[in-house]
Visitor: 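One structure coming up, written as structure tokens, with questions to follow.
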Amino acid sequence: MAERPGRKPRKPHTAHVVRTERLTPHMQRVVLGGDGLAGFTADTCTDHYVKLLFGPAGVTYPEPFDLERIRAEFPREQWPVTRTYTVRGWDPEHLELTLDFVIHGDEGLAGPWATRVRPGETVRFMGPGGAYAPDPGADWHLLVGDESALPAIARALETLPSGARAHAFVEVSGPEEEQKIDSDVKVVWLHRGDRRVGEALLEAVRALEFPEGRLQAFVHGEASFVKELRRMLRVDLSIPREDLSVSGYWRLGHDEDGWQASKRDWNARIEAEQESGGRATDGAAAA
């Protein structure tokens, strides 16, 4: 996470936990707030994301918190690690930032943290990043993803004007994981059960009768199914690259550190092979 040469070091935002809520058996909401968010904004993209900073257990940092100082003075194994989460909601009037976390029991870092964190605790994060928002000039929209993409898909649907044409497919483990989304677009909820992540999404999109007109697509989630849908949209259907937001948020068998370290190279290779008509052999997604 070192800064690129010539780039001004970024300073983390500091917030505190305002409240938490269990939305479904495997989705936990954490709302952050406080005056430290006064300079924060997340109102241009529906896929805005932040990178939460987690210090290793037992490590404390001097105040005021200075990430550059930590990297200069602490051994690398004691640096904070990051976990990336989509902004589910941003309320600039009340300075409240809403993040939703997929929970897999005690597995992972951010999920268990989200289940045990309590109001008042301090949270630091970088961001926001983001690049996608529904284009009002598109004739229709396609939004596809698993649980990891649900916050971004929900936020996009809630910004679409009434009457906008859209098809939204979201794969979750079962019916208990469905959420209410404030949109008049009918979400097709696909229940995974014991199937591989993304299989149901691939079937649903391949079976869709694509409407006429210009399509804008948002496809995110586990890298293997995202790769296949990118091929369908970009190669088979010749959808222009500028009308696609397609990327693997995560990859089976990899934690975020491992996936983020290799994602750029994977994406470049998959994109090059697909654009040239080749066929990649590994499950990675192209951005």
Side-chain angles (χ1 to χ4, degrees), residues 41-49 86-90 100 128-172 178-191 197-249 267 270-277 284-287:
T41 183
D43 54 8
T44 58
C45 300
T46 54
D47 70 340
H48 274 307
Y49 61 86
T86 301
V87 173
R88 178 61 181 88
W90 167 240
D100 291 349
Y132 165 83
D135 181 354
D139 294 302
W140 68 285
H141 304 266
L142 176 66
L143 300 105
V144 182
D146 57 28
E147 295 95 332
S148 67
L150 176 52
I153 290 175
R155 198 172 183 206
L157 291 174
E158 291 172 352
T159 66
L160 286 174
S162 179
R165 291 198 299 167
H167 289 273
F169 299 93
V170 179
E171 182 184 292
V172 293
E178 296 182 14
Q179 295 184 24
K180 179 175 174 54
I181 298 174
D182 187 16
S183 170
D184 59 6
V185 174
K186 178 178 173 54
V187 176
V188 177
W189 295 95
L190 302 169
H191 302 150
V197 176
E199 280 189 17
L201 289 170
L202 288 171
E203 290 178 359
V205 177
R206 286 167 176 165
L208 176 66
E209 184 175 343
F210 278 44
E212 295 293 327
R214 178 187 158 215
L215 160 67
Q216 185 191 30
F218 180 86
V219 180
H220 292 257
E222 201 282 320
S224 297
F225 85 79
V226 171
K227 178 199 69 173
E228 295 303 322
L229 286 182
R230 184 195 186 278
R231 177 186 302 281
M232 174 185 173
L233 295 169
R234 181 73 186 100
V235 180
D236 300 340
L237 298 178
S238 299
I239 306 299
R241 187 184 319 212
E242 58 268 22
D243 287 333
L244 299 177
S245 175
V246 182
S247 182
Y249 278 162
N267 286 349
I270 296 300
E271 182 169 340
E273 292 191 11
Q274 290 187 352
E275 295 290 334
S276 65

Visitor: What distance separates Ile153 CD1 from Ile181 CD1, expressed to the nearest 0.5 Å?
Guide: 8.0 Å
Visitor: How would you list, by chain and number, every residue that makes a ring pair (Phe, Tyr, Trp, His ring centres under 6.0 Å) with His220, sequence neighbours excluded?
Guide: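 His220 satisfies ring pair (Phe, Tyr, Trp, His ring centres under 6.0 Å) with Phe218, Tyr249 once adjacent residues are dropped.
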Visitor: Distance from Leu190 atom CG to Asp146 atom CG, nearest 0.5 Å?
Guide: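 Interatomic distance, Leu190 CG to Asp146 CG, rounded to 0.5 Å: 11.0 Å.
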Visitor: Can you see which heavy atom on Ala42 is nearest to which on Trp90, and at what distance?
Guide: N-CD1, 3.5 Å
Visitor: According to salt bridge (Lys or Arg N to Asp or Glu O under 4.0 Å), who are the partners of Asp100, at least two apart in sequence or on a separate chain?
Guide: Arg29
Visitor: Could you measure the distance from the CH2 atom of Trp189 to the NE2 atom of His191? Nearest 0.5 Å is fine.
Guide: 8.0 Å
Visitor: Identify the heavy atoms of Leu150 and Gln179 that sit nearest to each other, and give their distance.
Guide: CD2-NE2, 3.4 Å
Visitor: Could you pull out the closest heavy-atom pair between Thr41 and Pro128, with the gap in Å?
Guide: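 In this case the closest contact between Thr41 and Pro128 is O-CG, 3.1 Å.
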Visitor: Rounded to the nearest 0.5 Å, what separation is found between the CG atom of Asp47 and the OG1 atom of Thr86?
Guide: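 The CG atom of Asp47 sits 7.0 Å away from the OG1 atom of Thr86.
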Visitor: Would you name the heavy atoms of Leu202 and Glu228 that are closest together and state the gap between them?
Guide: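 Closest approach of Leu202 to Glu228: CD2-CB, 3.6 Å.
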Visitor: Above 12 or not: heavy atoms from other molecules or residues under 6.0 Å from CD of Glu242?
Guide: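 Counting other residues, nucleotides and ligands, CD of Glu242 exceeds 12 neighbours.
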Visitor: Could you state the interatomic distance from CG (Asp243) to CG (Leu142), rounded to the nearest 0.5 Å?
Guide: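 Asp243 atom CG to Leu142 atom CG measures 12.0 Å (nearest 0.5 Å).
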Visitor: Which residue in the set Val246, Leu244, Leu143 passes side chain to side chain contact (heavy atoms under 4.5 Å, CB included) when paired with Tyr132?
Guide: Leu143
Visitor: If every non-hydrogen atom of Ala149 is compared with every non-hydrogen atom of Gly145, which pair is closest and at what distance?
Guide: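 Nearest heavy atoms, Ala149 then Gly145: CB-CA, 3.9 Å.
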Visitor: Looking at Asp182, I'd like to know if its CG atom is crowded, meaning that more than 12 non-hydrogen atoms belonging to other residues, nucleotides or ligands lie closer than 6.0 Å.
Guide: no
Visitor: Which residues pass the side chain to side chain donor-acceptor pair (under 3.5 Å) test with Thr44, not counting sequence neighbours?
Guide: His48
Visitor: Side chain to side chain donor-acceptor pair (under 3.5 Å): which pairs involve residues 149-160, sequence neighbours left out?
Guide: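 Qualifying pairs: Arg88-Glu158.
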Visitor: If you look at every heavy atom in Ala133 and Cys45, which pair is closest and at what distance?
Guide: CB-CA, 4.2 Å
Visitor: Give every residue pair that meets the ring-ring contact (aromatic ring centres under 6.0 Å, His included) criterion with at least one member in residues 138-165, sequence neighbours excluded.
Guide: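 ring-ring contact (aromatic ring centres under 6.0 Å, His included) check on residues 138-165 returns Trp140-His167, Trp140-Phe210.
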Visitor: Show every salt bridge (charged side-chain N to carboxylate O under 4.0 Å, His left out) that has at least one partner inside residues 132-142, sequence neighbours left out.
Guide: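 For residues 132-142: Asp135-Arg214.
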Visitor: So, the side chain of Gln216 versus the backbone of Gly137: is there a donor-acceptor pair under 3.5 Å, distance only?
Guide: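 Here the side-chain-to-backbone pair does not exist.
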Visitor: Quick one: pull up CZ in Arg230 and CZ in Arg241 and give me the separation to the nearest 0.5 Å.
Guide: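 Taking CZ in Arg230 and CZ in Arg241, the distance rounds to 6.0 Å.
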Visitor: Does any part of the side chain of Ser183, heavy atoms only, come nearer than 4.5 Å to the side chain of Leu160, both counted from C-beta?
Guide: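 In short, these two side chains do not touch, never coming nearer than 4.5 Å.
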